[in-house]
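Remarks on the structure that follows.
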Amino acid sequence: MIVERDVVVVGGGPAGLTAAARLASAGLTVTILDEQPELGGQYYRRPAPEVARRWGDHRREGGELIAEARAAGVECRPGHLVWGLADDGRTLLAEDAAGSPVRLRGRAIVLATGAYERAFPFPGWQLPGVTTPGFAQHLAASDHTPVGERVVLAGSGPFLLPVACSLLALGVKVAGIAEAGTPYRLGRRALGALRHPARLRELAGYVARLARARVPIWQGTVVLRADGRDRVSAVTLAAAARPGLAVRTVEVDALCVGYGFRPQTDLARMLGCEVVTDAATGDAIPVTDAAGRSSRPDVYVVGEAAGIGGAHLAKARGLAAAHAILTRETGHPTPPAEARALARLGHFTALTDALYPSPAQLLDLLLPALPDSTLACRCESVTVGEIRAEATGDVNAAKARTRAGMGPCQGRVCGFAVAGLAGGDTVFPARVPVRPVRISTLLELAAEGETA
Amino acid sequence: MTRTATIIVDDRPVTAVAGVSLTAALVGDRRWALRRNPVDGGPRGPFCGMGVCFECEVTVDGVPSVRACLTRIRPGMRVDTGAPDDR
Amino acid sequence: MNADVVIVGAGVLGAAAAWQLARGGSRVVIFDRSAPGREGSGTTAGNLHVQAVHTRRPGQEVPLDSARFLPLQRAASDRWESVEDDLETSVELRRSGGFTIAETPDQCQELKEKHTWEAAAGIPTEVLDGDAARAALPLLGPTVAAATWCERDGYANPLKVTPAYLAAAARHGAELVPYAPVREITRRGATWRVTAGEHVVETPVVIDVAGPWLGEIAALAGIRLRMTPVAIQMHATVRAPVTLSHLVQHIGEGLSVKQVTAGNLLIGGGWPAGSLNLAGRSATSTRSLLGNVALAVRVLPFIRDLRLLRAWAGPLAATPDEMPLIGEVPGEPGFLVAGGTYAFTFAPLWGETLRRLAEGAPPPVEIADLGPDRLMTQPMTHEGRQRC
Ligand SMILES: Cc1cc2nc3c(=O)[nH]c(=O)nc-3n(C[C@H](O)[C@H](O)[C@H](O)COP(=O)(O)OP(=O)(O)OC[C@H]3O[C@@H](n4cnc5c(N)ncnc54)[C@H](O)[C@@H]3O)c2cc1C
Ligand code: FES
């Protein structure tokens, strides 16, 4: 089946939805696709209807945005994985939930593929019950299900705070938050953030809530290891300054560790959009102008896929891209107010980022103390030591020699650490398919003719 | 009253709030180990909750390699994990 | 700096030659433009082709001369037997045999023909009809009309083979210099001077095994060789629960399938990549991906239930006549070249051959017709064509 539209939007989070709704309301034909079973992306992830009925919708505006997109005439295709690109360089190849192939062409393509969480290994991280903070958040917000009864959150970044609050709201005992950096000490950087009262107020709100519940925030603290048999039962923490030395062991039945987010740029790279290594994060980010236009004139990259910035910035970027496309398609110029709002938002994230250790600083902090026996690649069961033995400054050579990054997650989970261990490039190259795709889908596509 | 749905996990009934994600139903039932790593044989469970890590793959109604975190439960759904527990 | 031999290219051929020569006491320096074993030798299917291969990979213009190829395959096959002992490590070598299948009457005829040549080359093969083939390998699909079975077909993990050769060479004193593109090669009398990055080495013998860059390296020395580098692609499925212990190929179409030690199925067959990019990674072609996978499912229907994990492309130093290239360049004493398709299978043989040529000894197999002279003729001019 082939879908021809004015605009094809990949990714149904705040950025993609905002762009799609705006474009469709101006009369363009728009299709939006998302791999998840419902639109909303990560931030607006939809609660199960029964959860919403009983406990309320955690982010009502998400539902409203989806309704707005539908009302504007956007063709919504959740449950669709965009896995590749036809040889014509412009037909997107997708697989629907039932495994049927779908081909899509747009005069413009908007990539709003979002981000995934930055993970980092430690001994025992493969134990069931060890998860990313995002998983705990999704379980809480859309499924009203606590990730555990007694939980420690660890890693770095502002995201740990709202997750802790969500868990508290479900009655979970949050035994503590281990933050690798020291962001919550009043210093010059914190004072810089003071100039951005909205963001600070949000953080302060979380901190106050946690203080009321007597949840300790252990700053400058990292995970030394997790223990358990078939499920995590304890976590041992260490001071970031002396990361090999245990300072406390906490009994838990879930442990959620994450270090912020990494942009998901595979499709952009596959489409040939130029990418650069972001100096602050080491992540590959597509080169875009303020409206999200990539080096390829028909491809726009918006939201987290263009660089981490939070949901508000994602929406603004989606809107900016929509205006640029509308200008191109219909000749209407972008309202100047929108452009100004966008510039303000960009500034705001850069400053909150400065409160937390950068990914490069995290590597300096975490890598030296990481024992050789730790599992680095969860899929292929490759240890830190095996990768260290192949550390020649070439992450692809390390991959080839050890199989790290060759499993079904395609290196998304271990990639940050493996690149840190091996040295050199920070991201594995983008390869087809973006995620494993059913061969039966490929057969159906072959029978249809790939681009016909 | 909260509407619930019952699914069959490794031949045992599991009841959860209707329409939640399969990972939620399993986690709510304290079922964390969903598979064994093909290389080291160790137990593994859902990690990312957003379709990235593939640690939550189970067989749903006979279809193998379904990511539980991207699947919502339906009444009567049959789920086979790769690491049945012996409770 | 001086060396007995400078090897340009740390692919499987360069690595095998380095090990042979270093073990024989030569001082060997190996240069690579990038990381060793990353190009053709790291992206290859890793098949050990002992029975005759199909004579045309998709898009190939000149069919390969199977009858001429087979004695070389036989000689290479014999040498693979000792590779793991020689290198003192596992390279996941598996000689569990393979089937080459036919679907049409013409292809069945081809199987019978190749069986005769194989017998002549001392390669034991057995021709089975479709049902017998399915009885032997029940995973084969209903369109299989006949198959030849060869117990010596096999596989070695390419990601292990080149590193193992290089490590063994290093134990004998060979010096590997990665990320050092060779940019100048000059000769004064019997001495070659090779400049790579910061390094300048004088040597009586240069071995050009630069794969897709073979022609470019020869050109640095003023030698014009007509090579036709191409990029082809491979596909890997996720780990499969079933076991396929044999290599499966097709006599008439581009297909090779096997299951590697980790459990993934590797599907190849020389389908052309989207583009050849010698500066970076060659792009895969979705059309080739679909064609190759559909063919694999026709021959081995169980693959339908798997998922495709990855596709990748790698470059290949093809010759215009599809036959291997090995020998000394006439008029350029000490300048040896080796390349061409199926060099992974031939690596132990060409490694040994290059050592003997470098030592001035006769080669272990007849190679007179495989030398570079045949590629040095000027391309036919416009005028020439008009006259015929
Ligand atoms: C768990 C979690 C919690 C967060 N909490 C907060 C918070 O409290 N406050 C805050 O400001 N920010 C938060 N963020 C960040 C916030 O979610 C992002 O800033 C925002 O969602 C970015 O929007 P987006 O549209 O760029 O991406 P997303 O919302 O991530 O949407 C991208 C979508 O693209 C889909 N997709 C990707 N690739 C493909 C493909 N190949 N085929 C089909 N579909 C594809 C994905 O499935 C996803 O649904 C959180 C992020 C996460 C992951
Ligand atoms: S939990 Fe990671 S893919 Fe489902």
Side-chain angles (χ1 to χ4, degrees), chain A residues 81 83-89 91-93 95 99 101 103 269-272 379-382 390 392-403 405-411 422 424 428-452, chain C residues 34-38 41-43 157-160 162-164 167 176 178-179 233-240 260-265 267 272-275 280-281 283-298 300-313:
Chain A
L81 164 72
W83 59 265
L85 184 67
D87 287 355
D88 64 1
T91 306
L92 297 174
L93 304 174
E95 171 186 57
R103 286 162 294 160
R269 288 185 281 159
M270 202 175 284
L271 281 157
C379 297
E380 294 293 320
S381 194
V382 182
E390 301 294 341
T392 55
D394 182 338
V395 68
N396 290 301
K399 172 179 173 179
R401 298 289 293 273
T402 63
R403 291 187 68 85
M406 282 199 189
C409 92
Q410 291 156 323
F428 290 122
R431 280 213 176 125
V432 175
V434 167
R435 297 207 204 290
V437 55
R438 282 175 262 206
I439 292 205
S440 54
T441 308
L442 300 176
L443 291 177
E444 243 183 273
L445 181 60
E448 284 179 11
E450 164 215 16
T451 49
Chain C
S34 134
R38 278 283 301 286
S41 301
T43 48
N157 185 345
L159 301 177
K160 302 223 155 145
T162 302
L176 168 69
Y179 303 101
Q233 72 187 47
M234 286 295 305
H235 312 94
T237 70
V238 295
R239 284 190 161 81
V260 299
T261 311
N264 313 73
L265 284 149
I267 303 172
S275 63
R281 297 237 141 227
T284 52
S285 154
T286 301
R287 197 169 301 130
S288 286
L289 180 157
L290 296 177
N292 201 169
V293 167
L295 177 58
V297 172
R298 202 169 76 214
L300 293 163
F302 77 93
I303 292 176
R304 173 190 295 273
D305 298 329
L306 302 177
R307 285 171 305 151
L308 184 76
L309 175 61
R310 201 163 43 237
W312 67 90

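The chains referred to below are lettered A, B, ... by the order of the sequence lines, with proteins before strands, and numbering in each begins at 1. Worth knowing before you read on, the calculation uses all heavy atoms, side chains too, and leaves out hydrogens, waters and symmetry mates.
Atoms OG1 and CZ, from C/T162 and A/R401 in turn, are 9.5 Å apart once rounded to the nearest 0.5 Å. In this structure, OG in A/S440 is found 11.5 Å from CG in C/L308, a value given to the nearest 0.5 Å. Between atom CG of residue A/N396 and atom CZ of residue C/R38 there is a gap of 5.0 Å, rounded to the nearest 0.5 Å. Here A/D88 contributes atom CG and C/R287 contributes atom CZ; the two are 8.5 Å apart, rounded to the nearest 0.5 Å.
Closest non-hydrogen pair, C/A311 versus A/P433, comes out as N-CD, 4.3 Å. The shortest heavy-atom contact between C/S285 and A/D87 is OG-OD2, 2.6 Å. Nearest heavy atom pair, residue C/T284 against residue A/V432, reads OG1-CG2, 3.9 Å. In plain terms, the two heavy atoms of C/L290 and A/L442 that are nearest each other are CD2-O, 3.5 Å.
At a threshold of 4.5 Å between non-hydrogen side-chain atoms, the residues C/Y179 and A/D394 count as touching. At a threshold of 4.5 Å between non-hydrogen side-chain atoms, the residues C/L309 and A/Q410 count as touching.
Your options are C/P163, C/P178, C/G42, C/G274, and the one with the most heavy-atom pairs under 4.5 Å with chain A is C/P163. Listed options C/L289, C/L306, C/V238 were ranked by heavy-atom pairs under 4.5 angstrom with chain A; first place goes to C/L306.
A/R403 and C/N264 share a donor-acceptor pair across their side chains, judged by distance under 3.5 Å alone.
In this view, A/R431 satisfies the salt bridge (charged side-chain N to carboxylate O under 4.0 Å, His left out) rule with no residue, not counting sequence neighbours. Residues satisfying the salt bridge (charged side-chain N to carboxylate O under 4.0 Å, His left out) test with C/R239, not counting sequence neighbours, are A/E380.
For chain A, no part of C/S275 is nearby; none of its heavy atoms comes within less than 4.5 Å. With a 4.5 Å cut-off on non-hydrogen atoms, A/M270 does not touch chain C at all.
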